[in-house]
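Below: the structure, in structure tokens.
Convention: sequence-line order gives letters A, B, ...; per-chain numbering from 1.
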Amino acid sequence: MTTAQAPVYKKKDFESDQENRWCPGCGDYAILNAVQQSFAQLGVPKEKFVIVSGIGCSSRFTYYMDTYGFHTIHGRPTAVASGIKIANPELQVWVVCGDGDGFSIGGNHMIHSMRRNIDIKVLVFNNRIYGLTKGQYSPTSEQGKRTGSTPYGSLDHPFNPIALALGAGSTFVARTVDTQIPHTRKILQAAHEHEGFAFVEILQNCVIFNNKAFEHITSKGVRDERQIDLRPGQPMVFGAGLERGLRFTPDAIEIVGASEADLWDPTGASGARAYRVCQNSEHDELPVPMGIFRQVQRPILDRQIHAQVEDVSERLGPGTLESLLNSGDTWEVR
Amino acid sequence: MTTAQAPVYKKKDFESDQENRWCPGCGDYAILNAVQQSFAQLGVPKEKFVIVSGIGCSSRFTYYMDTYGFHTIHGRPTAVASGIKIANPELQVWVVCGDGDGFSIGGNHMIHSMRRNIDIKVLVFNNRIYGLTKGQYSPTSEQGKRTGSTPYGSLDHPFNPIALALGAGSTFVARTVDTQIPHTRKILQAAHEHEGFAFVEILQNCVIFNNKAFEHITSKGVRDERQIDLRPGQPMVFGAGLERGLRFTPDAIEIVGASEADLWDPTGASGARAYRVCQNSEHDELPVPMGIFRQVQRPILDRQIHAQVEDVSERLGPGTLESLLNSGDTWEVR
Amino acid sequence: MSPVPALETLDEVVIRFAGDSGDGMQLTGNQFTNSSALAGNDLATFPDYPAEIRAPVGTLFGVSGFQVRFSSRDIHTPGDRPDVLVAMNPAALKTNVKDLKPGGMLIVNSGNFGAKDLEKAGYERNPLEEENLEHDFQLVEIDLNEAVIQAVAGLGLSNKDALRSKNLLALGMLYWIYNRPLDSTEAWLNKKFGNKEQILEANLRALRAGHKIAENGEFFQVRYEVKPAQLPPGRYRNLMGNAATAMGLVVGAKRAGLKLFYGSYPITPATDILHNLARFKNHGVITFQAEDEIASITSAIGASYAGRLGVTGTSGPGLALKTEALGMAVITELPLVVIDVQRGGPSTGLPTKTEQADLLQAVFGRNSEAPLPVIAPCSSSDCFWSAVEAVRIAVTYMTPVILLSDGYLGNGAEPFRIPSVDEIEPFEVQFRTEAEGFLPYARNPDTLARPWVKPGTPGLEHRIGTLEKSDGSGNVDYDPDNHEKMVKLREAKVMGIAAGYKPTEVFGDPEGDLVVLGWGSTFGAIRSAVDSARQKGLKVSQVHVRNVWPLPRDLGEVLGKFRQVLVPEMNRGQFARLVRSEFLVDARSMSKVQGKPFFSSEVLERIEEILG
Amino acid sequence: MSPVPALETLDEVVIRFAGDSGDGMQLTGNQFTNSSALAGNDLATFPDYPAEIRAPVGTLFGVSGFQVRFSSRDIHTPGDRPDVLVAMNPAALKTNVKDLKPGGMLIVNSGNFGAKDLEKAGYERNPLEEENLEHDFQLVEIDLNEAVIQAVAGLGLSNKDALRSKNLLALGMLYWIYNRPLDSTEAWLNKKFGNKEQILEANLRALRAGHKIAENGEFFQVRYEVKPAQLPPGRYRNLMGNAATAMGLVVGAKRAGLKLFYGSYPITPATDILHNLARFKNHGVITFQAEDEIASITSAIGASYAGRLGVTGTSGPGLALKTEALGMAVITELPLVVIDVQRGGPSTGLPTKTEQADLLQAVFGRNSEAPLPVIAPCSSSDCFWSAVEAVRIAVTYMTPVILLSDGYLGNGAEPFRIPSVDEIEPFEVQFRTEAEGFLPYARNPDTLARPWVKPGTPGLEHRIGTLEKSDGSGNVDYDPDNHEKMVKLREAKVMGIAAGYKPTEVFGDPEGDLVVLGWGSTFGAIRSAVDSARQKGLKVSQVHVRNVWPLPRDLGEVLGKFRQVLVPEMNRGQFARLVRSEFLVDARSMSKVQGKPFFSSEVLERIEEILG
Ligand SMILES: Cc1ncc(C[n+]2csc(CCOP(=O)(O)OP(=O)(O)O)c2C)c(N)n1
Ligand SMILES: Cc1ncc(C[n+]2csc(CCOP(=O)(O)OP(=O)(O)O)c2C)c(N)n1
Ligand code: SF4
Ligand code: SF4
Ligand SMILES: [Mg+2]
Ligand SMILES: [Mg+2]
């Protein structure tokens, strides 16, 4: 998809020289792979990319990408990224963080950058556990989970990250799975093309502290039946041969034949259908949606900020040191 | 509604001796009034009430109630209240805060207490402005607002507090208006009766920095046409004579005659209708919903915590100082 | 009309306006200040308002005050006690009259001394009738309410609306007494209410009526004149400290060749900096009102990383929230300016009152060893110069810098001599663009600063982060010796800033019995006190420190020339503690923690006590 | 089978286990420690693991180490250098061999020295062949891989699974060498893998095989014995510092008659306290894993307000986030214990390494004047007693208290003499229930504490908050004099805690040439060094401070009896700064900031340098 001028890259142009320190078998490797492959294809000069991460296993991501990168502090990558993007909207700013980083300590910055529609892309590696601190339950862990901090089972109800993103007004909301690399690449591409904030939840396996957390929906055997890929403008179909589909009824969603399936539209004004479908349970009959839940246009904060600066500068004339110093009432002492 | 044993109170039993320091004409007075009236009717011994507030004009509320009260720091009242309620679930813990306190700096604690379903009641006085710091735009201010910090107009897209609460998993979500005292009392009563977390947005007029912000939906003249009161189990009707109603179509909401209106059900599993209806714009034709958006049952964290403590104590036997000190491998030195 | 009154010349006058929060006292005081400034006086102001926005009318806690001192000499403080008190209601009288100088002029709005007003102020009897006000002061009772209603009659205003202009009536009177023209205030009214004709007209009439009433001689027999001060020649403007800080930041950024990014979250008394900067869009300034203080500072750090000048401003509770992120700026060695306009604490404390008690938080309040420089302006106009200096240090040394202002400086105003552009040295930033030999943590041998690279620069892609970095490469490094080396390098860089300070100046003789050592906003009170004490022949000098961290290297030696060291501070001895630990000098603390600045008389008394 | 080998008696041995993060070194070390404890040795441990969870196999940064020192004498540190190093792979050898004592025993798993392993560790040649290891050390090469595969043969395990047990094989060998029974580890394995029979069996076989291999004499010719230590009589258990802190908190709460609420957010190296407390549900303990550090502390403050004992724990970056809320606890005067298990910084820094550099943050890192006491345990088992003391001070004085532990103390273990219940004085809290004469901010004349009231108590409804409070009533009060009074009262309350300290103890003579002053985890290294120096006849003594703020009142005087004061700290001189500023004593800092504790030999050298 590269034009004449667009740079042509290989995956390895995005591999840094740092030795990788994730556990063998960690799902983060697959995501790294997908991101490196995707970035090579986006047609963006590599010096324009900035990866911003928080603290957590996932946040080590930054060190493995041969782009500009900033490994910040726990929970704040979206806020740091907001500053970077506002300071220089030319940069392609991607945030990588964990479910703890992004939704526990960093939840507020997350929802505020969503509502503001700052043009950053946020990838949350959701392994439903705190990896780096050696396995405590996270705000996306299922109730009843036994971990270091919950030896008798956790009691908190988890967030539904998709619902939260919709509620906070994210203009792009998607979900994918670490090991489903072609799907991940497709979503990354769409996130890149979306003008505005993009939220991508990536289900990620932590082999050490939460192994096989997503097996029931992602393993080869069940994947086709338990997942449905929400593709904009396409029928909502699933199954090994895409032979089945979903249809909205006034009060529910029902499984129908492929031909009767509703078309999926992530652009509607209210987002109510996305909200409805993201409530599908992992343990019911309905398939769990992946793909693009929401994709709408809204003014982009970083662009608007610069437009306002230009607009005011045009109206008032560009400020000089002299005009600044001498503004207001002045008088002369001789 | 008081039983034989329940205490009988008058409004003035809930009035403290502190001089009120809000600006004359502030909407907070009306809310104070409604809360004092309501509390007198709830049948709860007054020493059980704890009001917890953050910092802001609205958060001064605490001082004016003759109950236990804790005026905390900016943005943290839901977190402090969570600690209080978990420490002693017998207490009736009510949080009062502003839109800045609750949704700007305090947004994370807010959404986490929602997902956890801690049995506290949170009243957010939404005046769409920072009152106490003399008028800056808030995360609920409409785009384009000129304030001290946005002399050329604000650019951020605001939160829809109701949508955010739904997305975060709040089990009770409602909205009312400062001056509509009977409605406010009804909502407070429902919030009290709800077992679990209750979120109530109260549209509140700041006469000094954002006067008449809600006139277009709350003034006497337009109120009946521009508001619809969502009443559980009742038809969705509005208008001076409740002559009109709303009906959900697959993709939208339409205005119909009262008899054709849908029944309002805030208890459905997905919450998609609440999500849909809360997207009604203040500037379109559809009326703006007030009342109860959502009301569902889910395990309550503070109760579950205590149940787990009891359960474990029963299984392991109650711990004594001796058993604690002597747990694990020990040996004797003579 | 009475005979033309005498025109007495005074060296200086201190006026305090006091009234309800809704009475417009801040506005009145500011107008008076501006005309005094235009008249060429030196001046200083002290606004003092309650934490409530507009507390119920007439209550004690709702009283808002504004003190202005204008003078024909060089002055450093808004004055200890007013010569003139304007009290708009009983509450204002009650809370302020104790400060009025014996024999001072007391102007009260008798129209607000009804039974209900008195009750709200907790007066059992009408003080105008019962107490010896007339004996102690030059009491002038005027029913301003009545006067303003008359003045605006015919404009079709309700009484309630008419009364809104009574502050301008009072202002008109004072203009007459102090022989000031009305024109600057008239111009201001025209600009402000240009499109609200009725209100404009009411205000103009009230102002002129006040002038007339004073002129007609019933109430005032004397006029006073305060001659222009002998300020250094130049063009001046009247500037509040927070405005000066804002301007200094923009000027600093321009001198660095950068554009400013200001990330902030509103908090008293720092919000005005945000308000000021938000107006400077045509200077390329971006202001970002973040969701909280943590996002304010982290977005500013992001902006610095991206090649802008990241700045964030707050007050004490906000600084507490920014401390974790400050550590990130320290370890990533990015430039950043953090402004703390200190207020009364602890915790929410006394939000609208002043204090200097965040010093140790600024110097030490971060996890682990995270050294950074701290600068404290000594006057409202020095806020400008200190801000420029903070920017210079931040970009020269690639370090976060804390600028410690306070509520007294931030809200106070004084004449500011506008520097010419050449007076402000440029310190243009050179971004690294050369890929050859690039190491993210290589150091400039003079400053120990690392290179600053704008993301987007081809060939310089690299990663920074908050884990310990390898000397040179900046890669993650857990090696014990590297860690110690980096800790010491960061320290050496910051402590090295002191090498660039000018020698410490002493006001007065370089040795003697006592040196009064200060920092920040105590400058004016100390200077006046030391000046007076020296005129009385006491062997006392003043040393004032602007770079409070790292401390000037010669400070120990300078202080050592005096038998005693006294440190007045609006805290419990924090700067004294720093000086003691650094130089083992027995610096003794003079502490005042009342949410109010020192009176120079308090400092003078203490000097006399020590040397007496 | 070879002849029964000699059994030599040693005073003490230091063993270090080093291997890949996945090799189970922490587990092996802990097992060895436990059996040494059960054998009655005094002991101390030092686990040292990387920030990575399980870095790629064989890399240098993936090496995890565990050092244990066991002794027949009273010891205070895990030893400077190991007598025995067990290196499971080339990376472990490379990163650890430089610490091994000359002539020490070096056991390597030669099965992991393939070309790829060597490459990952950056060895160009096989050190077992090329370097003079054999000359410098007692080199023992064993192919543990082969041995373990043989040992578990027939269980149907894959080779990969079989290899998981090789650490137990090594452990079995060491048990034989040091004459330890296998039973405690066998019991532990049975408990841990009771329901996983295959794994249990593999582990048991590996353990026994190790023992056997050692016994058969091919590799080892001597066995050693370390006799039980003469510890004070009593019942003992082996206790890690973080576990001791957790236990101390619960015991403290019980002695106060309270139930514990622990609000926390995971962070290395403090998380174990949360893990420990989460298991104590049958002691009425509630643990709340909050969304962040701010919610952790504010929920704990809420719990204290509601009448529980609120406690929150974290490490440096988390403490930075809690500082604003600490101010709230100070002004509302609620009891609260805040634990900071310090780690390397600044910022994220070196998360798994130890440091003492949060001291000034703990003492001063809050906005405005917000004094609070700080306590630092001096050993892993003292974490218990310090936690009890922290609880006592918090509830007695109605104040937040910071307990400054560190990674070295928190992760290290030593024998803990279990006190009888009577040894722990009760300090039962009396909640106020009497409405008559109740004032929320009335003060206990002895402690200056205000009353603690449980919400829910009829008739005592009242409001507290973070604006300045009126003395007595606790109502909002902006009065300048009241503010100053309250600032001083809060200060007097906290400084008054020092009145209850025991007189400062001196180890050694009460006067002399040098006193080595320490706080926190440096105790052991300093004690050993001073002890040795004294045995060499040097006039040196030790003073160790547990209550680091407020400082003991007699400290200045005690230090004054010595010609010089040396302060070893794992920071850049923070405690020295406190002591200097407080007592104007020329305390000199000995700084080590390497993420590692002091060696006692380093301190000894410095003593000799100073006195030599
Ligand atoms: C302020 C602060 N609090 C806590 C920590 C400790 N910490 C580091 S990573 C982490 C959570 C890791 O979980 P997640 O974000 O889900 O990332 P993962 O490791 O699972 O990829 C925590 C609590 C920290 N570094 N800083
Ligand atoms: C940590 C901190 N940051 C900022 C402030 C300043 N502050 C006080 S109230 C407030 C916002 C007030 O707005 P809102 O919460 O909407 O309450 P309102 O006054 O409108 O009722 C702010 C920013 C503070 N007190 N503490
Ligand atoms: S702990 Fe889990 S998330 Fe972290 S690197 Fe290992 S497998 Fe991946
Ligand atoms: S500023 Fe606004 S919100 Fe605050 S008290 Fe006044 S009217 Fe009410
Ligand atoms: Mg995770
Ligand atoms: Mg508000």
Side-chain angles (χ1 to χ4, degrees), chain A residues 18-26 28-29 53-60 63 71-76 98-110 127 129-139 141 145-156 159 206-210, chain D residues 20-22 26 49-62 91 120 122 160 262-282 285-296 313-318 320-321 345-349 351-352:
Chain A
Q18 296 297 296
E19 220 167 337
N20 199 307
R21 299 182 180 199
W22 286 316
C23 305
C26 176
D28 292 350
Y29 286 99
S53 60
I55 298 293
C57 295
S58 37
S59 290
R60 295 295 181 91
Y63 293 117
H71 180 226
T72 70
I73 46 178
H74 192 40
R76 319 301 172 190
D99 44 323
D101 196 273
F103 287 118
S104 194
I105 188 169
N108 206 30
H109 312 304
M110 182 70 77
N127 54 14
I129 200 82
Y130 289 175
L132 194 62
T133 47
K134 307 201 167 173
Q136 298 78 31
Y137 79 118
S138 90
S141 295
K145 192 178 200 77
R146 283 173 200 265
T147 69
S149 58
T150 52
Y152 302 108
S154 68
L155 302 170
D156 300 28
F159 277 133
C206 168
V207 286
I208 303 293
F209 298 111
N210 201 18
Chain D
D20 230 45
S21 313
Q26 303 301 323
Y49 50 85
E52 282 71 32
I53 298 305
R54 197 148 303 168
V57 178
T59 53
L60 292 172
F61 56 80
K120 277 193 209 147
K160 196 176 147 211
Y262 189 70
S264 193
Y265 186 72
I267 186 166
T268 307
T271 317
D272 274 343
I273 300 176
L274 171 62
H275 291 185
N276 272 282
L277 287 171
R279 285 191 227 112
F280 293 152
K281 293 230 172 350
N282 61 326
V285 173
I286 287 177
T287 55
F288 177 60
Q289 182 178 311
E291 57 272 26
D292 64 10
E293 282 83 357
I294 297 175
S296 311
T314 188
S315 185
L321 287 170
S347 199
T348 312
T352 59

Residues A:Pro24 and D:Ala55: closest non-hydrogen pair is CD-O, 4.5 Å
What residues of residues 101-109 of chain A sit under 4.5 Å from chain D when only non-hydrogen atoms are counted? A:Ser104, A:Ile105
Counting only heavy atoms closer than 4.5 Å, note whether A:Thr147 contacts chain D via side chain, backbone, both or neither. neither
Under the side chain to side chain contact (heavy atoms under 4.5 Å, CB included) rule, what do A:Arg60 and D:Glu52 come out as? Steps first, then yes or no, please. CA-CA 10 Å; A:Arg60 295 295 181 91; D:Glu52 282 71 32; 2.7 Å; yes
Side chains of D:Pro317 and A:Ile73: does their closest heavy-atom pair fall under 4.5 Å? no
Separation between CD (D:Glu291) and OG (A:Ser138), nearest 0.5 Å, reads 13.0 Å
Heavy-atom pair with the smallest gap, counting every atom of A:Gly148 and D:Ala278: O-CB, 4.4 Å
Euclidean distance, D:Tyr265 OH relative to A:Ser149 OG, rounded to 0.5 Å: 11.0 Å
Residue D:Ala290 versus chain A: region with a heavy atom under 4.5 Å: backbone
Between A:Phe209 and D:Ile53, is the side chain to side chain contact (heavy atoms under 4.5 Å, CB included) condition met? List the steps. CA-CA 10 Å; A:Phe209 298 111; D:Ile53 298 305; 3.5 Å; yes
Can you tell me which portion of D:Ile267 sits under 4.5 Å from chain A's heavy atoms? Options are side chain, backbone, both or neither. backbone
Nearest 0.5 angstrom please: A:Thr133 OG1 to D:Leu274 CG, how far? 9.5 Å
Under 3.5 Å, is there a donor-acceptor pair between the side chain of A:Gln136 and the main chain of D:Pro266? no
When the 4.5 angstrom heavy-atom criterion is applied to A:Pro139 and chain D, the contacting part is neither
Taking side chain as everything from C-beta outward and backbone as N, CA, C, O, which of these in A:Ile208 sits under 4.5 Å from a heavy atom of chain D? Side chain, backbone, both or neither. side chain
Out of A:Lys134, A:Glu19, A:His74, A:His71, return the one with the most heavy atom pairs under 4.5 angstrom to chain D. A:Glu19
Got a second to check how far D:Gln289's CD is from A:Tyr137's OH, nearest 0.5 Å? 4.5 Å
